[in-house]
Enquirer: 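Have a look at this one.
We name chains A, B, ... by the order of the sequence lines, and we start the count at 1 in each one.
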Amino acid sequence: MATINSTNYPYSTDFIRAIVEEDNRSGKHDGRVHTRFPPEPNGYLHIGHAKSICLNFGVARQYGGLCNLRFDDTNPCKEEDEYVQSIIEDVRWLGFDWDDRLFYASDYFEQLYQWAVKLIKEGKAYVCDLTADEVRETRGTLTSPGTNSPYRDRPVEENLDLFERMRAGEFSDGSRTLRAKIDMAAANLNLRDPVMYRILHASHHRTGDKWCIYPTYDFTHGQSDSIERITHSLCTLEFENHRPLYDWYIQALGIFPSRQIEFARLNLTYTMMSKRRLLELVKEKHVAGWDDPRMPTICGLRRRGYTPEAVREFCARIGISKVDSTVDVALLEHCLREDLNRRAPRAMGALRPLKVVIDNYPEDQIEELDAINNPEDPSAGARKVPFSRELWIERSDFLEDPPKKYFRLAPGREVRLRYGYFITCVDFKTDPSTGKPVEIRCTYDPATRGGNAPDGRKVKGTIHWVSAARAVPVEVRLYDHLFTKPDPGDVAEGEDYRSNLNPNSLERLTDCYVEPSLRDAAPGERFQFERLGYFCVDPDSTAERLIFNRTVSLVDTWAKIQKKG
RNA sequence: UGGGGAAUAGUGUAACGGCAGCACGAGUGACUCUGGAUCACUUAGUCUAGGUUCAAAUCCUAGUUCCCCAGCCA
């Protein structure tokens, strides 16, 4: 049952691929596989959409089929071209392509209108003068049937005339609708004479003011799939109840039947995924924007430093099923580290710098030492890093009174400076007001140049460093989960997800130093800062001042040891 | 109290009447010029109760729990 997915790892086939394979075997569509990704352009794409994108484009690719990009733009009040553009950019960034098959449901408005007329003529649709409130009242409840609209049995000619005049703009918003004549007593509420058209005197992002009546999503989606001859229409679980309605329209119209298959949407721990709430986070300025690196949006992940490969690998690993589930965000981070470990060049930087002076190193000397760019990738080559008498190291790499198992610098201790020398701490100065160390005095062993001792002696610790003489001052932004709880919606009575916002999700460090090889790094470039994590250059950077986002930290075994006490 | 779905280690996902497996997480150890990476080992599961069968996660019956649906949103 193993198949090869887009990233060439074997995974077992999910239930949707099993259906596609069965259809191919039986010759249902002569082996043709055609899917589509159908976003509404009313917001930015997030990691949940990535799951759907990878599924739809992935299935098509895997079985030699096609996948369309189609905007389901049936609600002019919420949709904007800005969203269209961002969605196009994000799907491309994820690595998928739709050739010339970029469609819009609004392309089908005229056809949809003609189909509505056809249903009216066949007595299967009617113009209803009930208000929205009245429709609600007559719909019944979950347990009791609805009642027929008094306009249900309007003569065909009258319906035709009224519908035409709806289109012509003779009536005000909400004054009438076109409804399908199905069954007001149906147990499935979607079948209780659902609205097909509503009057909306609103400009549409593509059709402008051409229309003042708009088809509902339910009267559009299935037919759009049909027009595009989609074989497998993949969507999320909440549309399962709508499938009978789509099938009703398809059958009444006698058009190509796409098969809809529903799967569970993605939930992630410590993450909010609903578009509405993401919009709130942006509007209420809990984050800096849709592309804030803490957002689960595709543009947020991109700015954070995620790679499309990591996102695709994640989507391949979580699988597809119908079970409501919440994936551990640690899996996403694992996929990220796995990818970045392979490809990110290494560099050194001190985020919380502490001065080290090497007493026996010549005052004005600067040496160029050899450093490997990526131990996982020999083709990445090597670089020179300058070494001098004064250095910056990480504040956490020195402890005046080290606990057991602490391998780093401490009074009298010898450690290795990565690719540099062995140094021994001989003294340190503290800030009299805080008692914290501000300067470490060391001696170095000239024989250990490059990091090896000719006498074969070992040191337990290796720490990173930057030459103070050549350091580039930069800003670094550290990120943590946006929410403090695995389930952000887990709140006390009267509170909402906002009370679970993590006040420490962003930490800005403005006095960091990195090695000079990073001076000309471009926005979007990714690096591993040794022993610290993966970082990428933020687009807010200027020629004078680089800003790095921490994409994800390295696995920190020492932190775990400390935590256990 | 209606209809539609779903229940497998902490999490996600396989097994489609024939040895419950994989991944993440967690833990232990090895190795290491990143306390990174890598490697080895360990941990831990079929919602419940009956039934059919040589054999049940899988089939049957009854129950339990969870999710979705009462927009002129998608």
Enquirer: Taking N or O atoms only and anything under 3.5 Å, show me the protein contacts with nucleotides 28-31 of chain B, one pair per line.
Expert:
| from | atom 1 | to | atom 2 | distance (Å) |
| --- | --- | --- | --- | --- |
| B/U28 | OP1 | A/K564 | NZ | 3.2 |
| B/U28 | OP2 | A/K564 | NZ | 3.4 |

Enquirer: Between A/W465 and A/P386, what is the shortest heavy-atom contact and its length?
Expert: CZ3-O, 3.2 Å
Enquirer: Would you classify A/L554 as touching base, sugar-phosphate or nothing, given that sugar-phosphate means primed atoms plus P, OP1 and OP2, and contacts are heavy atoms under 4.0 Å?
Expert: base
Enquirer: Determine the minimum heavy-atom distance between A/R337 and A/Y534, stating which atoms define it.
Expert: O-OH, 4.0 Å
Enquirer: Taking for each residue the nucleotide of RNA chain B bearing the nearest heavy atom, is the 5' side occupied by A/A264 or by A/R416?
Expert: A/A264
Enquirer: Remember a base hit wins even if backbone is also touched, and classify A/T557 as base, sugar-phosphate or nothing at under 4.0 Å, heavy atoms.
Expert: sugar-phosphate
Enquirer: Considering only the P atoms, how many Å lie between B/U13 and B/U8, rounded to the nearest integer?
Expert: 8 Å
Enquirer: Once you round it to whole Å, what is the distance between P of B/A70 and CG of A/L142?
Expert: 8 Å
Enquirer: Atom CG of A/D193 and atom P of B/A70: how far apart are they, to the nearest Å?
Expert: 16 Å
Enquirer: If I take atom CD in residue A/E313 and atom C1' in nucleotide B/G12, what distance separates them, rounded to the nearest angstrom?
Expert: 14 Å
Enquirer: With sugar-phosphate meaning primed atoms plus P, OP1 and OP2, does A/Y214 contact a base, only sugar-phosphate, or nothing at under 4.0 Å between heavy atoms?
Expert: nothing
Enquirer: Looking only at N and O atoms, is any donor in the side chain of A/R317 or the base of B/G12 less than 3.5 Å from an acceptor on the other one?
Expert: no
Enquirer: How far does the P atom of B/A37 sit from the matching atom of B/G27, given to the nearest Å?
Expert: 14 Å
Enquirer: Touch check for A/I320, heavy atoms < 4.0 angstrom, all strands: base, sugar-phosphate only, or nothing?
Expert: sugar-phosphate
Enquirer: For A/Y197 and A/A116, work out which heavy atoms get closest and say how close.
Expert: CE1-CB, 3.8 Å
Enquirer: For a quick check of understanding: with a heavy-atom distance under 4.0 Å over all strands, which category does A/P244 fall into, base, sugar-phosphate or nothing?
Expert: nothing
Enquirer: Are the ring centres of A/Y444 and A/Y421 closer than 6.0 Å?
Expert: yes
Enquirer: Between the side chains of A/Q562 and A/Y406, does any donor sit under 3.5 Å from an acceptor?
Expert: no
Enquirer: Is there side-chain contact between A/L268 and A/F314, with heavy atoms separated by less than 4.5 Å?
Expert: yes
Enquirer: Given the C1' atoms of B/U42 and B/C47, what is the spacing between them in whole Å?
Expert: 27 Å
Enquirer: Measure CZ/A/F263 against P/B/A6 and give the value in whole Å, please.
Expert: 15 Å
Enquirer: Strictly under 3.5 Å: I want the nitrogen or oxygen pairs between protein and nucleotides 71-74 of chain B, one per line.
Expert:
| from | atom 1 | to | atom 2 | distance (Å) |
| --- | --- | --- | --- | --- |
| B/G71 | OP2 | A/R136 | NE | 3.4 |
| B/G71 | OP2 | A/R139 | NH2 | 3.0 |
| B/C72 | OP1 | A/R139 | NH2 | 3.3 |
| B/C72 | OP2 | A/R139 | NH1 | 3.2 |
| B/C72 | N4 | A/L130 | O | 2.8 |
| B/C72 | N4 | A/A132 | N | 3.1 |
| B/C72 | N4 | A/G174 | O | 3.2 |
| B/C73 | OP2 | A/R198 | NE | 3.3 |
| B/C73 | OP2 | A/R198 | NH2 | 2.8 |
| B/C73 | O3' | A/R198 | NH2 | 3.3 |
| B/C73 | O2' | A/N75 | ND2 | 3.1 |
| B/A74 | OP1 | A/T74 | OG1 | 2.6 |
| B/A74 | OP1 | A/R198 | NH1 | 3.4 |
| B/A74 | OP1 | A/R198 | NH2 | 3.0 |
| B/A74 | OP2 | A/Y217 | N | 3.0 |
| B/A74 | N6 | A/H242 | NE2 | 3.2 |

Enquirer: In terms of the angle between their ring planes, are A/Y104 and A/H205 parallel, tilted or perpendicular, with boundaries placed at 30° and 60°?
Expert: tilted
Enquirer: Rounded off to whole Å, could you give me the CD-to-C1' distance for the A/Q260 and B/G4 pair?
Expert: 13 Å
Enquirer: Assess the residue pair A/E280 and A/Y497 against the criterion (side-chain hydrogen bond (donor to acceptor under 3.5 Å, both in side chains)); give the C-alpha distance rounded to whole Å, side-chain angles, the decisive distance to 0.1 Å, and a yes or no.
Expert: CA-CA 11 Å; A/E280 283 171 1; A/Y497 69 93; 2.4 Å; yes
Enquirer: Do the non-hydrogen side-chain atoms of A/R526 and A/T551 ever get within less than 4.5 Å of each other?
Expert: no
Enquirer: Whole Å only: how far is the CE atom of A/M184 from the P atom of B/A70?
Expert: 14 Å
Enquirer: Between A/I318 and A/G140, which has a closest nucleotide on RNA chain B that is more 5'?
Expert: A/I318
Enquirer: Please evaluate residues A/Q528 and A/E530 with respect to the criterion side-chain hydrogen bond (donor to acceptor under 3.5 Å, both in side chains), reporting the C-alpha separation (whole Å), side-chain torsions for both, the decisive distance (0.1 Å), and the verdict.
Expert: CA-CA 6 Å; A/Q528 183 198 98; A/E530 296 218 18; over 6 Å; no
Enquirer: Which part of the nucleic acid does A/Q528 contact within heavy-atom distance under 4.0 Å: base, sugar-phosphate only, or nothing?
Expert: base
Enquirer: Using the P atom as the reference point in each nucleotide, state the distance between B/G3 and B/G63 in Å, no decimals.
Expert: 13 Å
Enquirer: Taking atom types as they are modelled, would you say the side chain of A/D324 forms a donor-acceptor pair with the base of B/C66 within the 3.5 Å cutoff?
Expert: no
Enquirer: For atom C1', what is the distance between B/G29 and B/C68, given to the nearest Å?
Expert: 48 Å
Enquirer: Tell whether A/E376 reaches the base of B/G36 with its side chain through a donor-acceptor pair below 3.5 angstrom.
Expert: yes
Enquirer: Using the C1' atom in both, what is the distance from B/A30 to B/C19, to the nearest Å?
Expert: 31 Å
Enquirer: For A/R206, is there an ion pair with A/E79 - N to carboxylate O distance below 4.0 angstrom?
Expert: no
Enquirer: Check whether the side chain of A/N188 and the base of B/G2 form a donor-acceptor pair under 3.5 Å.
Expert: no
Enquirer: Using a heavy-atom cut-off of 4.0 Å across all strands, would you classify A/S321 as base, sugar-phosphate, or nothing?
Expert: sugar-phosphate
